[in-house]
Protein chains: 2
Amino acid sequence: MPLTQAAPQSIDRIFSILGHLARERDGESLSELARRADAPKSSVVGLLTGMVDSGYLIRDVQGKYRLGPNMVALAISVVARQGLQDLARPVLQRLADQTGETSLIGTLASDADLVMYVDKVESANPVRYTVPLGERRELYASAVGKVLLAHMAADRCDTYLRNEKLRAFTPKTITSVRTLRQEISEIREAGLALTVDERVVGVSALAAPIHGEGGRVIAAIVIAGPSERMRTALKQHKASLRAAAKSLSLAMAGTTTH
Amino acid sequence: MPLTQAAPQSIDRIFSILGHLARERDGESLSELARRADAPKSSVVGLLTGMVDSGYLIRDVQGKYRLGPNMVALAISVVARQGLQDLARPVLQRLADQTGETSLIGTLASDADLVMYVDKVESANPVRYTVPLGERRELYASAVGKVLLAHMAADRCDTYLRNEKLRAFTPKTITSVRTLRQEISEIREAGLALTVDERVVGVSALAAPIHGEGGRVIAAIVIAGPSERMRTALKQHKASLRAAAKSLSLAMAGTTTH
DNA sequence: TTCAGGTGTTCGTATATACGTACAGAGGTC
DNA sequence: GACCTCTGTACGTATATACGAACACCTGAA
């Protein structure tokens, strides 16, 4: 392998600056950005000036640097290009990091009223919940399935409830159509679905809807783990999950066909 | 002004590459990207290699370069940071393209019960409606104003209707408080407001609410044009406007404080 | 008011990087 | 199979850029 020169260090510096400014609400000073980029101030000032001149950053009246209109436009066009799975991956990763539990995306299978798991980031915990991707499961006994039922057309949901045989997987599986209907209605109001030991004993799952174009629910994002561990952190998990679902819904709203 | 050196040319080259890849569905070759960036291939290959190493680009099995996971994650976090006007711009552009009419965003002025137009994309038609940005107009005679009245606190709306002198701008301006109250109630139900020749003879406007955090209406998105042209395409315009308002509402829902 | 610490700016010099050139290889055409 | 065109790669050299050092200025604390 011939010896080739290293890539220019401005690449990592530029992205370090952009990433930092994307995470901060307020602008940042030259000195702070130089510290974050681990680079001399006189080197960083050249990069900042160049990005300001090109409209990717702006410098406010306090001398703080912020993301500029061209960066926002570029970001919008990048996000608009992605499909759900591309957009979901970093969100799933962050959610798994925040909660310590496995995070997944599930959608309605195209040919049957079943949930299909299309992406996941497994928990770092040695004791973790997991499910094979591509797996198809019943709607009525999973948090994802209940979210999808809550947001599908009312007549399609009614047809499903009339026709589906609610077999028990565990002693906690809901097998009463009346009880399930009531719970689906509550999920529609609350936005989140929680299952405890319904599909697998000892496993809880918490799911939220992901909205696509026109507000339709196209998928659900879910975290799942051992019921006792999920129980102790449920409140924080709900907050993290709502935020993750919202950022994905935002991202999906931007990806309309042109 | 002391003579300082120019910013490094890699800045413009990096953003040129990213912008181009964001617009293309397929990947692009090294030679094509070098042409687009107007730079020697041997210079561009160093930038590409650096961005691939850092995960901002990937190189597929055909040797084509594409946006990588770190660029997608950066873009998502940039978009999640924006305010209404930044997010609105591409939506207004698309709406103006789809409908052929001028599209605008209006909000409630902070110091008076007036509409203020804060952003617009003018129609490409030589015959077009336009209004200067920053312009402040009465609520009762504009589609935006009626949307905002329909979604504000009921007592604030009542106070406005009691105190505002409903002067006529045209023979079609609604000057009866009773009629206006009824119409506001209908707008609250229907979601859309339509004005025909009320503020300016020969001009119609169609407005929909934009919801922010917690479902509050923070602005309205509107298309406006000559009444006859608006009339002939009203149904399609309603569909396009609803979709635009929803995508903005979802985008605004995503920009929550973490 | 003084002082210390941190800021942003400037510039000459060191050096990292850009690039021109050559070339091997691939693909398409005849 | 030969030939042409374009690709991506390699590398030595030219040069654009990084950066260390110095300094004026600002802010906050004593």
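All heavy atoms count here, side chains included; hydrogens, waters and symmetry mates do not. Numbered from 1 within each chain, the chains take letters A, B, ... in sequence-line order. Note that the structure is a prediction, hence the values are computed from the model and not measured.
Listed nucleotides: D/dG8, D/dA18, C/dT9. Nearest to the side chain of A/V45: C/dT9. Checking D/dA18, C/dA18, D/dG8 against every side-chain atom of B/L47, the shortest atom distance belongs to C/dA18.
Atom CZ of A/R59 is separated from atom C1' of C/dG8 by 7 Å (rounded to the nearest Å). Summarising the geometry, the separation between OH on A/Y65 and P on C/dT7 is reported as 13 Å, rounded to the nearest angstrom. The NZ-P distance, from A/K64 to D/dC26, rounds to 17 Å in whole Å. Atom CD in B/Q62 sits about 15 Å away from atom C1' in C/dG27, given to the nearest Å. Atom P of nucleotide C/dT7 and atom CG of A/L30 are separated by 9 Å, given to the nearest angstrom. We find that CG of B/D12 is positioned 16 Å from P of D/dA16, with the value rounded to whole Å. One atom, CD of B/E28, and another, P of D/dG8, lie 11 Å apart when rounded to the nearest Å. Atom CG in A/L48 sits roughly 16 Å away from atom P in D/dT17 (whole-Å rounding).
A donor-acceptor pair under 3.5 Å is absent between the side-chain atoms of B/D60 and the main chain of B/R66, judged by distance alone.
Checking the phosphate oxygens (OP1, OP2) of C/dT7, a side-chain nitrogen or oxygen of A/R35 falls inside 4.0 Å. Between C/dT17 and B/R13, no contact under 4.0 Å exists linking OP1 or OP2 to a side-chain N or O. Residue A/S31 has a polar side-chain atom (N or O) positioned under 4.0 Å from OP1 or OP2 of C/dT7.
Environment of CG in B/D97: crowded, with over 12 heavy atoms of neighbouring residues, nucleotides or ligands closer than 6.0 Å. Open room surrounds CG on B/D38; 12 or fewer heavy atoms of other groups in view lie less than 6.0 Å from it.
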Take A/K120 and A/T102, measure what side-chain hydrogen bond (donor to acceptor under 3.5 Å, both in side chains) needs, and give me the verdict at the end.
-> CA-CA 7 Å; A/K120 73 180 171 182; A/T102 296; over 6 Å; no
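If A/Q9 and A/K41 are placed on DNA chain C by their nearest nucleotide, the residue sitting closer to the 5' end is A/K41.
No hydrogens or angles were tested; on distance alone, a donor-acceptor pair under 3.5 Å links the side chain of A/S42 to the base of D/dG20.
Ring orientation note: the planes of A/Y56 and B/F15 are close to parallel, at an angle under 30° on the 30°/60° scale.
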